[in-house]
Amino acid sequence: MTTTEEPDTGTEALRSRIAVELARTRARTDALTTAVDDDDLIRQHSTLMSPLVWDLAHVGNQEELWLVRDVGGRTPVRQDIDDLYDAFKQPRKDRPALPLLPPAEARAYVATVRDKVHDLLDGIRFTDRALVADGFVFGMIVQHEQQHDETMLATHQLRSGPPVLEAPPPPEPRIRVAAEVLVPAGPFTMGTSTDPWALDNERPAHPVELPAYVIDAAPVTNGAYREFLADGGYDDPRWWSAAGWRHRTEAGLTAPMHWRRDGDGWACQRFGRWSPVRDDEPVVHVCWHEAQAYARWAGKRLPTEAEWEKAARWDPATGRSRRWPWGDDEPTAEHANLGQRHLWPAPVGAYPAGASPLGVHQLIGDVWEWTASPFHGHPGFAVFPYREYSEVFFGGDYRVLRGGSFGTDRSACRGTFRNWDHPIRRQIFSGFRCARDARPEEVHG
Ligand code: AVJ
Ligand code: FE
């Protein structure tokens, strides 16, 4: 018999897990915002990005709105700054001109909010109210901060000046990876209705029937992409969509972002350091149009979101969809290149423990993978808890990306997680893999 006075061990475990996730996330935010001086925090390094000090206070403001005010019912910390840190009221290009909190004040603000959150967490009951059940709203805030940490990491990549971020290089390849994998025809479960911290756009679980298809066993590498370049791929309109060719021409695209010629090869810039382009690493910093053109040149296409997810989650032994390619267990350093543990994608073959049962590698981590799919709600989608996270983006020109990058935290990615961006964007850590319809002799072979 349990009485209300006895501590509930399930609640205590969830509380301490949330506290650990909040602390781990704030440590990353702190590292990203103390690596540069105040001038670099206030400056806008690209019109595509916010000043780092905006991301910092915005993270605190979202935490205040959802945890301190909504769930906690506490008095506001700084209601006067809500508009400044509302992403919809302030376009990124305008943010440097706003009267933003200076770095020291922004740090004090996020710390004050966090103190109140710990106070709230100490007494919380994870009731049936959907927002707090299973700690969802805390998970949402952890994921939000981690998403902005990845955005800040992308800002660091765009920043000029001496390098300030350090990390060991990713692991070397451990095995040879096949070129392609056949995924047999049949139904699988896409999305989730049970993952407690899954966001609204990942819900609900629903059956999807797919014909047999073939998917690349690894992301497209720099070496493969260089062949497309060497074959004149950027100068041949046959490979590009009409919109893609227009963009390639107007933007003057000639190679992935952050590449330059280096003798008769290529070099790439990563967080302020130039290094030779390594052929066995996944290509990164390409836009959707570049991915689509490469795929057509290679005689393939981009996978749909459903194809990506079936390759990542479907277990042929049980017919079930799992949380990750390797199963339901949380990722370790052996499974995937996540969480800014390294500062660039790992070579193909570096994560054999992270492969799916069918032998598809590096679906999680390394690079966000562009898919062919525009961003829509799954059948049965319901806004939760606010329209501005997902729903307002449905039906735009966005394309969905899957799997997370080396800069994505494990809390902000999983087999069902969906990211999206405009097809011209490439300041994010974006790459891709290709797919194609299965040939009859492959299916019946
Ligand atoms: C899901 C990565 C597209 O950064 O615009 C952050 C995440 N939403 N704050 C974004 C997000 C609100 C979002 N993406
Ligand atoms: Fe945000």
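All ligand and atom numbering here is 1-based and tracks the order in the structure. These values consider heavy atoms only, across backbone and side chains, with no hydrogens, waters or symmetry-generated copies.
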Subject >> Cation-pi, W314 ring and R320 (6.0 angstrom, 45 degrees) >> reply: no
Short N-O contact, E330 and R323, less than 4.0 angstrom: yes
* Asked: Heavy-atom distance from atom 5 (O) of ligand 1 to the protein below 4.0 Å?
  -> no
Aromatic plane relationship, Y225 with F432 - under 30° parallel, 30 to 60° tilted, over 60° perpendicular | perpendicular
re atom 10 (C) of ligand 1, the protein heavy-atom contact at minimum distance is R92 NH2, 5.0 Å
Honestly, for H148 the part within reach of ligand 1 (heavy atoms, under 4.0 Å) is side chain
Original post:
Measuring to protein heavy atoms, does anything land under 4.0 Å from atom 13 (C) of ligand 1?
Top reply: no
For this session: Kindly assign one of parallel, tilted or perpendicular to the pair W297 and Y294, based on the angle between their ring planes and the thresholds 30° and 60°.
Result: tilted
**Message:** Can you tell me how the ring of F136 sits relative to the ring of F384, calling it parallel under 30°, perpendicular over 60° and tilted otherwise?
**Reply:** tilted
Axial cation check for W239 ring with R296, 6.0 Å and 45° limits: no
One finds that the ligand 1 atoms under 4.0 Å from a non-hydrogen atom of W420 are 1 (C), 3 (C)
If we number the atoms of ligand 1 from 1 as shown, the ones under 4.0 Å from a heavy atom of Y389 are 1 (C), 8 (N)
For H144, the atoms of ligand 1 under 4.0 Å from one of its heavy atoms are 6 (C), 9 (N), 12 (C)
So for N419 against ligand 1, with non-hydrogen atoms under 4.0 Å, the contacting part is side chain
The Fe ion (ligand 2) has as its nearest N, O or S atom from H144 the atom NE2
Checking heavy-atom distances from atom 11 (C) of ligand 1 to each of Q62, Q147, Q146, the winner is Q147
- Task: Give a yes or no on whether a salt bridge exists between E305 and K310, defined as a side-chain N under 4.0 angstrom from a carboxylate O.
- Result: no
